[in-house]
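Lettering follows sequence order; numbering is per chain, from 1.
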There are 2 protein chains.
Amino acid sequence: MPEARRHAIQGGVPMAATDTTAANELLAVRAAELYYEENKTQDEIGAILRVTRWKVGRLLQQARDRGIIRIEIVHPRARRLSLERELTASFGLRDAIVVPGPPDDRELQARVAEAAADFLVSVRPIPRLLGVSWGRTLHQVAECLPEGWSTGVNVVQINGGVSLSKRPGTAASTAVMIAQKAGGEATLLPTPAILERLETKRAIEGDRTVSGVVQRARGAAAYLYSAGVADTSSVHVDSGYLTPDDMRSLVEKGAVGDVIGRYITAEGTIADPELDARTLGLGLDELRDSPMSILVIGGEAKHPVAHAIVQHGLCSVLVTDEHTARSLLDAAPDSTTSGEDPS
Amino acid sequence: MPEARRHAIQGGVPMAATDTTAANELLAVRAAELYYEENKTQDEIGAILRVTRWKVGRLLQQARDRGIIRIEIVHPRARRLSLERELTASFGLRDAIVVPGPPDDRELQARVAEAAADFLVSVRPIPRLLGVSWGRTLHQVAECLPEGWSTGVNVVQINGGVSLSKRPGTAASTAVMIAQKAGGEATLLPTPAILERLETKRAIEGDRTVSGVVQRARGAAAYLYSAGVADTSSVHVDSGYLTPDDMRSLVEKGAVGDVIGRYITAEGTIADPELDARTLGLGLDELRDSPMSILVIGGEAKHPVAHAIVQHGLCSVLVTDEHTARSLLDAAPDSTTSGEDPS
DNA sequence: GCAGATCGTGCTCAGATGAGCAGAGCGTGG
DNA sequence: CCACGCTCTGCTCATCTGAGCACGATCTGC
């Protein structure tokens, strides 16, 4: 009966546009409640709200689009797939793992490490030889790996790490633990990370066993490493490789942090070439050109060094927390909302 | 080959149970991410996680049951249907409306009022005569009602409310606004809420017009009212009906708040019979026995009086916020998780 | 006042999903 | 050693749901 209809409309209030929009929003809320909280079918909801079931479907669609319905996965091992997608797209990464960021920094490190371990377990093809760095983060990753996480993965240390002062052997134990849990062998690099004199470094490097280890490291199918912050609380200062003054000097030269022992600037360049020459182990280019280099990094303090590494292609896989991920994306060069349409 | 299987199990680690549970949980998290964040079908997820699509469905079910997936409807007009169900079940209410509780008290009052207005609009059958109380909350409800919210609903005031000091006429304006917006007429009760002397009250009550109004109020199809807290910031003190000393005395006698001008204790009884005798308007029994009495109440401060009203059957419909609702349910007598299985 | 653009609606139909069922693996107790 | 119960699995089938389409209503510019 189009006659009656037209009549009613002409006689009614002419504020239709805004009115119906608001009414629809309220309807959408009611529909969402009945659908998501009461587990009713769209058909039932249609009967309750006096609309067709197709309209209910559209209302729910609107509610999702407009963010009225928020779906969250609350679990320590949850991930942020959308951020991962954006990261891989923005920085041309091979893969990215992003975990939700709890406020507590300790908890955050643990989750990132766990995620890194999960990733390592699932890497295909299995890297027969894995190059690893060392440090607190890497050690946590090693601990998270389950016994027998792989079969016959050999591990090689990619930078020196015989601690001069406290906690001797952490560097070695990390590599050994990863290898042992996969039933493989660990090849250690039993030298200091940074030598005091260039000549000493050259001499050690010339040693048959040491050069053999480095040579072996160059052939690794994947590298696993973290990064340190350039400040006086760094492990390099703690371990006695660098004095607090050295560190201050590095910061003055623009260093933001270290990657496998080498201090870099925000531009991704070596902060102090002279110091770098005295640093033993793999070079940055080898990391960059490797088939797979996995950076494990999390926490506010490490944002600057994470930026430097990711923006300059030093890693091909990134394991991090969501705050770091967002920070990276905010600074991304050409993230013109690419990868924004997941429908 | 059951032989080989059994062998493997006997030889392996006997922590099978925990292991698979944990693995399933992780799988459930991954499935949830792909389903809810990536909009993949259960079939696609099955292909990715190497399980059948039926298992994916079960994993998602588990994830929902275990609370891994949290679905929230974020909207000022959202409601808490599960709490509503629990309230109606626990207290034998005819209906309950629960809105989410924002931290801001002002905002909360606004939402409760809006919800009350929404409810009033949708009440069926339409009450041809509506008895209303007055106060800040009720005034807000009146303002929230849309113009033409109903057709020909008449309104009658159920308790006295001529203010002695500031803001004269708020009581009247509430009733008038509700009636006017529904195209009906308002019948006012132009008397003080509480009289100083019993004789005066009797005299006013004996007046033909006043008794007529009260008589009319008794026939209302529904009552709409709020409640006040028993403290010196009460409107009764503000308006001069009670002195701060009166109020202190009331509190000593166990008063938690007032319902249509009558102060009650936590046990639902009249706190001070002498004072009550001087209070003009409908009695509590008439509220209790009415076909529908709608209580609109929200906010931390009003929890005690809300408890008293709801637990002693003074309202049949409750409009409130979720904190108040939870508070009521926590104190509920026999809420043996009834109404907990909405599947 | 009218043709074209735009929007919202109700529908068809195929694809996605959940309930229910039979069978296999696994532990338990006779 | 086997019968029994329990749990988990994969399946069938009915139901639910979203994409796409045609239609009518409204809005816009000429």
statement: Of the candidates dA19(C), dC16(D), dG10(C), the side chain of Thr52(A) sits closest to dG10(C)
message: Assess whether a salt bridge exists between Arg80(A) and Glu84(A), defined as any Lys/Arg side-chain N lying under 4.0 Å from an Asp/Glu carboxylate O.
response: no
- prompt: With no hydrogens and no angle check, do the side chains of Gln61(A) and Arg58(A) hold a donor and an acceptor under 3.5 Å apart?
  reply: no
- request: Can you tell me the distance, in whole Å, between the CD atom of Gln42(A) and the C1' atom of dT17(D)?
  value: 6 Å
task: Let me know the distance between CD of Gln62(B) and C1' of dG18(C), rounded to the nearest Å.
output: 15 Å
- request: Could you check how far CG of Leu27(A) sits from C1' of dG8(C), rounded to whole Å?
  value: 14 Å
task: Check the pair Glu322(B), Arg326(B) against salt bridge (charged side-chain N to carboxylate O under 4.0 Å, His left out), reporting the backbone distance first and the verdict last.
output: CA-CA 6 Å; Glu322(B) 75 176 307; Arg326(B) 277 189 224 286; 2.7 Å; yes
- prompt: Which whole-number value in Å describes the distance from Ile45(B) CD1 to dG18(C) P?
  reply: 11 Å
statement: Separation of dC11(D) atom P from Lys55(B) atom NZ, nearest Å, is 14 Å
task: Looking only at side-chain atoms of Arg64(A), point me to the closest of dC11(D), dG18(D), dT17(D).
output: dG18(D)
- prompt: What is the distance, rounded to the nearest whole Å, between atom CG of Asp43(A) and atom P of dA16(C)?
  reply: 21 Å
query: Would you say a side-chain N or O of Tyr35(A) is under 4.0 Å from OP1 or OP2 of dT17(D)?
result: yes
task: Show the numbers, then the answer: is there a salt bridge (charged side-chain N to carboxylate O under 4.0 Å, His left out) between Glu33(B) and Arg30(B)?
output: CA-CA 5 Å; Glu33(B) 287 166 347; Arg30(B) 298 282 158 260; 2.8 Å; yes
For atom CG of Leu59(A) and atom P of dG8(C), their distance in whole Å: 12 Å
query: For the side chain of Arg58(B), counting heavy atoms from C-beta on, which of dG10(C), dG20(C), dG18(C) is nearest?
result: dG20(C)
- prompt: Between atom CZ in Arg53(B) and atom C1' in dG18(C), what is the gap in whole Å?
  reply: 9 Å
